[in-house]
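Okay, structure first, notes after.
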Amino acid sequence: MSRITKRQLLAGVYWIEIPEAEIYMLCGCPADSVKHLIKAGLIKEVTREGHTFENGPNIILLSDVMLQRGYFSNLAEFVILQMFYRQGMLIPDHPGNRGMRPLLIGSEEQIKAQLSYIHRGNYGLISIHELLDAGLSRASAERMMLLKEKFAFGSIQLSSNNLVASQVLGSHPLEIRDGVMIKRLSLNCFKIEYQGESCEVDLNLDEGENYFPPYQLDFHPQKLAHFGVIHAGEGDGWDINRATAGSILIYAGKFYLIDAGPNIIYTLRALGIGISEIEGIFHTHIHDDHFAGITAMVRAGFKLKYYTTRLIRHSVEKKLSALLSIHQEDFGNFFDYYDLEFNKWNNLDGLEVKPLFSPHPVETNLFSFRVMPEKGGEYLSYSHFCDLVSFATLKKFIREGRAGELTNSYLEKVRERYLVPATLKKIDVGGGMVHGESEDFRDDQSDKLILCHTEKPLTKKQLEVGQEATFGSVDILIPPRCDYYRQRAMTLLDSYFGGVSSDQLERLLDLGEIIELSPGQSIREKQEAISHVYLILSGWMEVSSDEEHYRGSTLSHGALVGERMVLNQDDSSSYNYKAISYIRTYRLEAKRYVEFIKKNNFYTQLTELHLRRAILSNSSLFNEGISYLQQNSIAANMRQQHCSKGEALAFNQGDFAMLIGQGSFEVCNGLSTITKLRAGYIIGQDQILYKTDDLFTYLALEDSEIYIIPAEILRQIPIVRWKLMEISEKMRKIYLGTKFLSEPMFVWEESYCTHLKKVDRSRKKFFNLAIKFIKDLTNDKRGGSAKPTANEIKRFDNLFKQLTADFEIEEGVLESNNYSGLFDHRAQHDAILKAFQHSLEQVKREQLLTAEQLDMLFFEKLVTHILLHDHKYSVFGWK
């Protein structure tokens, strides 16, 4: 019988089981991993010592890269929570608590990111200072910290290191325990060995692969309203059959998310809502079942509006920056945030919203929305109350008569806040210590109560208080006041045909019709004559083709389908267009569309743009989420350049990126070929994101055509920035991996520059001293076991002092630029200095490191830090 069991859960995610060594390892940890484990039967209930609880994983092997295909590869929060509470690892006197902590294995960078993100997920903001910085008064901050301590059983852990164990997997094999070994074969590829047996896992997602949800959702057509609510999820973080609790608010025919849980894109697709149809997001708090999908919303081609209180925004920014190792200001590159005031009606162009503070382990606000009917009268309202805490839990926190404690008066204020009547109210009935109970709302006078946020079926007692909502059901509070789809069509045409009068656009609309397509319905089969153009107003369409290298794409709100074929009178294209949700589209006869184009002198311009847009559509960077208006802007501003076989690309011509239109290039690190790039790939991601020099050289393998695109255009598009972050992270880690094969590794490269002159000058000085020391040791013929001389001890000591001074200079520059990530960056410096201090003490004990050991030390600690962290603040050098 095999000692090692390997099972694939989904693309890029595996389960490894070695019972003899008590190893149950989840390899790869994207959103909803815990649900996949439950569904696969790898988490189930067991009974021991009179207790019934769950078994499951005790180790998580992290992906080497945080992002793949635009989504998080490592989101360990709920898996760790399952180990803590549902397995009982953290509960005193629990049979599942046998002194073993959850174990994270992975690169140093990913372990640090996960520990910090898990810590934020447990506690949110973790000090009075952070709460004051988020806008709370001193009294409110102190009460908030008191609440946090109550939920944390009396004290907040300073870091997740006390709760979660970790082992850094570097360039050498690592023993997990009891003879079980793991080693990295290449980026995201690992080999596990035990007693003569072995298996390999590959956590990379191949082209065309994605993480998929553990449940299936039915398709639903849109229903628009002036004011209404679409029920988009009623489950919780453990429910394997339903999406997590969330709603979509409809106001004036526009959509607003309330929270964004895991697999939010799948949810929107099932509801026939494209990302670009989302006007904004109202966010309650940072737990993963409400947070994990927030970054999926950057897949729009514009910055979505982000609505919450300043308190919650700071909490979200801290968790996101921990997860991605970015600085807090980067949040503003992806969202336009609007800070709402607590306990006040904030007016958003007629939609009024009141955030209400909710006592919870992390910063949380509830939302109440109201809209005035057209003919006046009383407001109609919707209250979204997730996450709540039950009155019974709060009562346990009451300590009357003691200064600074929570009182019954405070509890009554919370009760009053909860029970304000609404036309429609959705409440959390998840129970336990951090969720609500239906009994608390038995006397609620709201017209309709929806119960949600639970994995269990509603009980008879709960249904006496409220009712269940099914996925996709809609409560319309105020019916539509106009034809919103026609309004959308008019807005899109106006942006597309700038300068054409509204009268002409109205006449154009009258020539066509708005129709609905069902999921699976095609508007054109391959090489079939196309008789109409289609302007997508809602929903999702999939584009497929048999053409070599075509990656496929999805189209949604704002896409104009069939225009290129109609203008060029080309029916030979192999593209097929199929609805993958319910779709509303404006359809116009091809003949009438061409007449309109020619009459308004757009024919030549659009024909030329389409030739270039065809290049963009073949790139995964531009084939999703970008409006036709943005595609036209990119196409109009890019210029073609020929590159002969063997020619190297040069980046000294300005601030731009390069898109391979035809041909192919090899990516080189010195004399080594790292990978090959073909048509559709972008070069220059670090130039766009950080304006740093490229780490690689690019040589044309054949005569090729590239397109130069101004970087500033791309910086303004959230989905492009997001995808480039993924490319940059992967390429930097490939670079670091290949450098381990070079000799020596620790050499200065101009690509290490931050473009902050003071920092770069100091850094080069340290490199020169260190490289000279390594070279002298290499030329020394005494052998590796030789004792250090007094001069060598002094030189190593001087290196340590120079590195300390170098970090102090860097921190001073960052402080003068108000760098929000300075605290974490300083902590990274401290960890590096600690490693060097340990080596210095070793030298002083007359154990001189060899040249190879020093080369490895300097490279692993310093170059890795420069490439994975320092480049992220180089933006200060050119702002």
Side-chain angles (χ1 to χ4, degrees), residues 77 112-164 283-288 290-291 294-295 306-332 334-335 337-343 355-366 387 389 397 404 406 434 811 814-831 869 872-873:
E77 180 181 296
K112 285 180 178 178
Q114 287 297 293
L115 289 175
S116 181
Y117 134 85
I118 291 167
H119 196 244
R120 290 293 181 184
N122 273 335
Y123 302 119
L125 302 178
I126 54 178
S127 69
I128 291 287
H129 172 75
E130 287 188 350
L131 291 169
L132 293 175
D133 191 46
L136 291 191
S137 65
R138 169 66 66 170
S140 295
E142 290 175 351
R143 184 166 58 244
M144 184 74 195
M145 286 304 297
L146 178 61
L147 267 171
K148 288 175 180 284
E149 289 168 3
K150 297 287 187 182
F151 282 110
F153 307 104
S155 65
I156 294 175
Q157 297 288 333
L158 295 178
S159 76
S160 291
N161 291 302
N162 300 326
L163 304 174
V164 180
H283 204 183
T284 61
H285 67 295
I286 62 170
H287 282 155
D288 267 7
H290 302 259
F291 162 90
I294 193 79
T295 53
Y306 180 84
Y307 300 101
T308 193
T309 54
R310 181 179 168 190
L311 178 68
I312 277 66
R313 175 173 61 82
H314 273 239
S315 180
V316 169
E317 289 175 344
K318 295 285 187 186
K319 187 176 184 182
L320 193 61
S321 60
L323 194 56
L324 292 171
S325 301
I326 60 176
H327 43 81
Q328 205 168 328
E329 290 91 340
D330 275 348
F331 190 77
F334 301 107
F335 296 96
Y337 56 79
Y338 295 78
D339 289 344
L340 306 174
E341 290 190 61
F342 270 119
N343 303 317
L356 303 167
F357 178 78
S358 177
H360 211 240
V362 300
E363 294 70 27
T364 303
N365 46 223
L366 315 175
D387 281 12
V389 175
F397 295 166
L406 301 179
V434 297
E811 290 165 12
L814 296 182
E815 187 170 15
S816 67
N817 281 280
N818 298 315
Y819 180 56
S820 65
L822 177 58
F823 180 82
D824 291 334
H825 207 79
R826 185 176 279 131
Q828 292 166 5
H829 286 172
D830 291 343
H869 299 285
K872 293 177 181 177
Y873 66 68

State the [atom1]-[atom2] distance between [X] and [Y], to the nearest 0.5 angstrom.
{"X": "T284", "Y": "H290", "atom1": "OG1", "atom2": "NE2", "value": "5.5 Å"}
{"X": "T308", "Y": "H314", "atom1": "OG1", "atom2": "NE2", "value": "11.5 Å"}
{"X": "I286", "Y": "I294", "atom1": "CD1", "atom2": "CD1", "value": "12.0 Å"}
{"X": "I118", "Y": "L323", "atom1": "CD1", "atom2": "CG", "value": "9.5 Å"}

Please find the pair of heavy atoms, one from V362 and one from G124, that lie closest to each other, and give the distance.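 What the structure gives for the nearest pair is CG1-N, 3.5 Å.
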Between P359 and V389, what is the shortest heavy-atom contact and its length?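 Closest pair (atom of P359, atom of V389, distance): O-CG2, 2.9 Å.
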Using 30° and 60° as the class limits, which term best fits the ring planes of H285 and H360: parallel, tilted or perpendicular?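 H285 vs H360 ring planes: perpendicular.
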Name the orientation class of the two ring planes belonging to F335 and Y306 (parallel below 30°, tilted from 30 to 60°, perpendicular beyond 60°).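 Plane angle between 30° and 60°, so tilted.
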So, applying side chain to side chain contact (heavy atoms under 4.5 Å, CB included) with Y307, which one of I312, L340, D339 is it?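 Filter result, single survivor: L340.
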As a test of understanding, state which of L163, I126, V164 forms a side chain to side chain contact (heavy atoms under 4.5 Å, CB included) with H119.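 Output: one option passes, namely I126.
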Pairwise side-chain contact, R120 with F291, heavy-atom cut-off 4.5 Å (strictly under):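 With C-beta onward as the side chain, the pair stays apart.
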Decide if the gap between the ring center of F151 and the ring center of Y123 is smaller than 6.0 angstrom.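 No, too far apart.
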Inspect the contact between E363 and K148 and indicate whether a charged nitrogen and a carboxylate oxygen are less than 4.0 angstrom apart.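 Salt bridge: yes.
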Give a yes or no on this: more than 12 heavy atoms of other residues, nucleotides or ligands lie within 6.0 Å of atom CD of E815.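 No.
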